[in-house]
Amino acid sequence: MNFRKKMNIENYIHLKWKLSLGFGFLVLICTITTSITIFWGERNRFENEQKNNLHSLCELIASNIDAERLEKISSEEDQYWIDLKKTLSVAYRKFNLGWLGIYKKENGKFKEIVDGSDFGESFCFGYPIFTISAEIEIALKGEFVLADVYEDLYGTWRSAFCPIKRRDGTVAAIIDISQDCAQLEKMREKILQKALLIMITGVLFGMAFANLFSKFLTVGLEKLMVGLKAVGAGDFNYRFPIVSRDEIGLLATKLNQMVRELQEKVRLSRFVSENVSNIVKSDSKDLILTGEERFVSVLFSDIRSFTTLSEKNSPSEMVAMLNSFLDVMTEIISRNGGVIDKFIGDAIMAVFYGVDDSLKAASPVLAALEMMEELRVYNQGRKAKGLFTIDIGIGIAFGPVIAGVIGSRHGRVEYTVIGDTVNLASRLEGMSKQGKHKKIIISESLFKKIGDSFEVEEMSVTHVKGKEQTIAMYEIMGIKDVEGYISELNSADEETRLAAINFLRFSERKELLTVFGELFMDPSPKIRIGIGKAIRNLVKFGDEAVNCFKEALGRESDGKVLATLIMDYGRIANDNDLLELVKFLDHPEDRVRANSVEILGKCQDFNLLQKVLSPKLLDKNSRARSNAAFLLYQSGKIDGLRTLIEMCEDKANPAMRVSGAWGFGEIAELERKKMNDLHESDGVIEDNDYESEKELILGRARIVLESMLEDRHEEVVRGAAISLGRIKNRASLIPLTKVIGRFSTDDPLHQTILRAITEITHG
C-alpha cells in the first residue's frame, strides 16, 4: 500500500476508533495480565494451602502415636492396632484422603502396620509392599517430605511422608498420607473460570470506557470535521463551535478567524473581475507591471431604452430586474468561455480569449444567440408575473487589444482590455438597433473567422462614432452548414458531438427533432443535457418537441440529467404536458423533486396544484418545500404560508430558514403588485376569513424575519433582510438598524441591510 497517497477526506479513519482500539487493546492486555496473575496466584495459594494442610495433618497424627507401642504390634488383634485403626479411619474420612497408612522398615523394605482405608481389614498387614524411595529415605532421617504429584491407575495424587519418632528421637515408622488431586484440578478449573470471567468483564467494561473516553476526547474534533466539510463545500457562513477551553477550543477559534477571512475574500472577489482574480492567484507580476497585446473577441450587450424604463419603474424594481438579468447573462457568457470584464450600468462587457480556432472563435456568437434565447424565456417569466419586459442588442468585434492592469499603484487596480477593438464592439452594439434578425452585429474581422459557420446579412457600410473610415458589419441570422454539423453528431469524440449540438440548437430546423431524439440515448450525460437545451430552442414545433422530452424523461435514470431536462421541458410544456412531471414529485433525488415543483408552478389549474403539491409541504428538501409553499399560496391555499413560517423557525436547518425567508420575500412582491393593481383599478380588498388569516400570518412572518436578523448564519440574515425590505414595514427599521452595526461598511451584508432600510424608507 502506498501510504504517501493523498488521503480523501471521506476515507479517513476516525480518530475515535483509533483511540478506542488503542485504549481497548491496552485494557485487553492489562486485563489478560491481571487474569493470568490472579489465576496463578490463586492456583499457587491453593496448592500451598494443600501442602501446608498435608504437613500439619502428618505432624498431628505422628504426634499422637506411641512409637514404642506401635513397634510391639504383631497382629490385627492387638488393642493398640484396633485403636489406631479407628483413629486413622476417622482422619481418612474427615480429611477426604486418598490414602493414610503407617509403615516400618524391615529388611530394606517397608511393610504396612495399619491404614485408615475403608476396606475393613488391613490392606496388606505385614506385607513388604513398598520399595524405599528417595522421599522415604529423607523421612527415615527424621524430616517431613512432600513428594511430587504422580498418577496411577486410580488417579492423580500428592503424597506426604512424616516420621514417627521414639522418645530418643530415632525414627520407628513413617506415615504416608496421599490426597486426591482431583479436588485441586476442580479448584484450578474454578480459578480459571473466575479469571476468564474477570477478563471478559474487564474487556467489556474497558472497551465501553475506552469508547466513552475516546468520544470525550474527540467530540470537539468531530465538530471541527463537520465544520471543515461545510467550509470545504463553500459554506463560509459556518462558524466552528468552541466546546472546550483547551487546544481544540483554540483551534476552533483560529479556524473561525480563517473562515471569516476567506468569506471576506470571496465577497471581495464578486467585486473584482475574473481576470484580476486569476492574476492574484497566479501572482503574475509581469502583467501587473506591464500590458500585452492579445487577439480577443469583445462582446457588448446593452438594454434598450433603459432611461425610459427607469423613469417608469421604481429604483428597487430596476435594481431587482438588473440583478436577475445580469445573473442569467453572466452564467451564459461564462458557460461559453467568456469572462465578464465589467458591468457598465445596464451594459455588459465580456472578453473571449480563446480564438485559436474557428470553434473557439465562434464561442461569443454562440453565447450571444443563447443570450437572446434566454432573454425570450426571461421576458416570458416577467410577463407572467405582470412585470415589465426588456430588449437588448449585442455587438461583437474581433481584433487586437492591450490587456493589462490599469489603476493606481497605491489604490484600486483593474485588469481590463483597451483599444480600438473594444470601442468597435461598443459601436456595433449601438448599431444593433437597426438589425432585422437576431440583433447580433459582428465585425468584419470576426466574420472572416467564423463566416463558414453562420448565416449572416451584411449591413450597410456606414460610419460609426469614433471612426473616420466606413466599416463593414454583419448581422447574425442563423447557423450555416447544418448537414456538416449533423454528421459530426456521429463522432466518437464527445467534445466534437457537444460542439455540433451547440451549433445545431440555433438552426431552428424541424428535422433535427428526430436526430436529437435519438441522441437522448447517448451514454454521455453531457450530451443528453445538451440535447435537452437544443430541443428547448425548437419550441415553435410544439407537440413534436414536447414528445421528444416525454420519451427522454421516461427513460432517464441520471438524477442530474433528469433535473436539467425537467427545467428545459417546463419551458415548452403546456398545462396538460406539465402533468407528466407529477410522477417525479416523489423522486429520491432532491433536485429532481425541487425542479418538478418549480415547473409545475406554471400550471394554471389551481385545483391540480393544490392536490399534487400539498404533500410537498413536508418535503425534506428546502427548495422543494419552499417552492411548493409559495405556489400553494398563489393558488389560494393558506397552508403554504404556515409552512413558510415553520421553515423560518427551523432552528436545526439554516437552508430551511433561508428558503422560508425567500418565500416570504416573493410573497411580499406579489402582495404589493396586487395592491398596486387594486389601486389602479379602484378596487377594494375583500374582507373574508382567508384574507384575515393571511394578514395575521404575514404579520407574524415579519416578526419571525426580524428575529432571524440575529441568526449566526449570515445567509439567513441576508435572506431575512431582503424579505423585510420587500415587505416595507417601517417597524422593521429598528431591528435592521440595530443589526447593521455588526458589519463593516465594505461588507456586502452591510450593503444588503442598507438596501433593505432604503427600500422601507422610500417605499
Side-chain angles (χ1 to χ4, degrees), residues 272-279 287 291-304 325-326 329-372 375 392-407 413-435 438-451 453-454 456 459 462-467 469 471-476:
V272 178
S273 71
E274 187 176 335
N275 289 315
V276 174
S277 296
N278 292 334
I279 289 173
L287 283 178
E292 63 174 351
E293 184 178 72
R294 301 184 66 175
F295 280 82
V296 301
S297 289
V298 180
L299 180 150
F300 266 86
S301 169
D302 192 34
I303 297 177
R304 295 283 174 259
F325 169 75
L326 294 176
M329 296 303 155
T330 298
E331 198 276 330
I332 292 173
I333 290 169
S334 178
R335 185 168 60 242
N336 284 277
V339 175
I340 299 296
D341 186 273
K342 61 176 66 70
F343 297 121
I344 310 170
D346 59 307
I348 301 173
M349 175 181 167
V351 182
F352 292 77
Y353 291 91
V355 294
D356 299 334
D357 54 49
S358 59
L359 181 59
K360 290 182 179 179
S363 294
V365 180
L366 291 174
L369 287 168
E370 189 172 352
M371 290 168 70
M372 287 299 186
L375 178 66
I392 66 171
I394 298 176
I396 310 172
F398 168 77
V401 296
I402 302 299
V405 176
I406 297 174
V413 296
E414 180 180 13
Y415 183 89
T416 187
V417 293
I418 57 175
D420 188 57
T421 300
V422 179
N423 297 330
L424 177 58
S426 178
R427 304 296 178 255
L428 293 175
E429 182 278 318
M431 296 300 296
S432 66
K433 297 175 184 178
Q434 303 177 19
K438 301 292 186 182
K439 306 291 185 181
I440 301 171
I441 312 301
I442 65 172
S443 67
E444 183 177 18
S445 56
L446 182 57
F447 169 71
K448 290 179 179 179
K449 292 184 72 67
I450 64 170
S453 301
F454 297 94
V456 300
M459 300 181 69
T462 184
H463 285 280
V464 296
K465 186 177 179 180
K467 286 281 188 180
Q469 299 179 346
I471 61 169
M473 60 189 75
Y474 302 83
E475 182 180 10
I476 298 294

| said: Looking at Thr330, is its backbone amide N or carbonyl O close enough to the side chain of Ser334 to form a donor-acceptor pair, meaning the two atoms are under 3.5 Å apart? | reply: no
| Looking at side-chain heavy atoms only, is the closest gap between Phe300 and Ile344 below 4.5 Å? | yes
| field | 4.5 Å side-chain heavy-atom contact, Leu299 and Ser301 | value | yes
| query | Does the side chain of Gln434 come within less than 4.5 Å of Ile441's, by heavy atoms? | reply | no
| task | List the atom of Glu293, the atom of Pro400, and the distance in Å for their closest heavy-atom pair. | result | OE2-CB, 4.0 Å
| field | Point-to-point distance, once rounded to the nearest 0.5 Å, from CD1 of Ile450 to CG of Leu366 | value | 8.0 Å
| field | Ser297 versus Leu446, closest heavy-atom pair with distance | value | OG-CD1, 3.9 Å
| request: Can you measure from CD1 (Ile333) to CE (Met371) and round to the nearest 0.5 angstrom? | output: 4.5 Å
| field | Candidates Leu424, Ile396, Val422 - the one meeting side-chain contact (heavy atoms from CB on, under 4.5 Å) with Val298 | value | Val422
| said: Measuring from atom CD of Glu292 to atom CD1 of Ile402, what distance do you get when rounded to the nearest 0.5 angstrom? | reply: 9.0 Å
| said: Any heavy-atom pair between the side chains of Ser443 and Leu428 that's under 4.5 Å? | reply: yes
| query | Just how far is it from atom CD of Glu370 to atom CD of Glu331, taken to the nearest 0.5 Å? | reply | 7.5 Å
| Of all heavy-atom pairs between Ala361 and Lys449, which one has the smallest distance, and what is that distance? | CB-CE, 3.9 Å
| Ile440 side, atom CD1; Met372 side, atom CE - distance, nearest 0.5 Å | 5.0 Å
| message | When you compare the side chain of Ile392 with that of Glu429, does any pair of heavy atoms fall below 4.5 Å? | response | no
| task | For the pair Phe398 and Phe295, name the ring-plane relationship: parallel under 30°, tilted 30 to 60°, perpendicular over 60°. | result | tilted
| Between CD1 on residue Ile340 and CD1 on residue Ile348, distance to nearest 0.5 Å | 5.5 Å
| task | Using atom types as modelled and distance alone, determine if a side-chain donor or acceptor of Glu475 lies under 3.5 Å from a backbone N or O of Ser432. | result | no
| field | Residues Thr421 and Arg294: side-chain donor-acceptor under 3.5 angstrom | value | no
| task | Using a 4.5 Å cut-off on heavy atoms from C-beta on, say whether the side chain of Val417 contacts that of Tyr353. | result | yes
| Side-chain heavy atoms of Leu369 within contact of Phe454, under 4.5 Å | yes
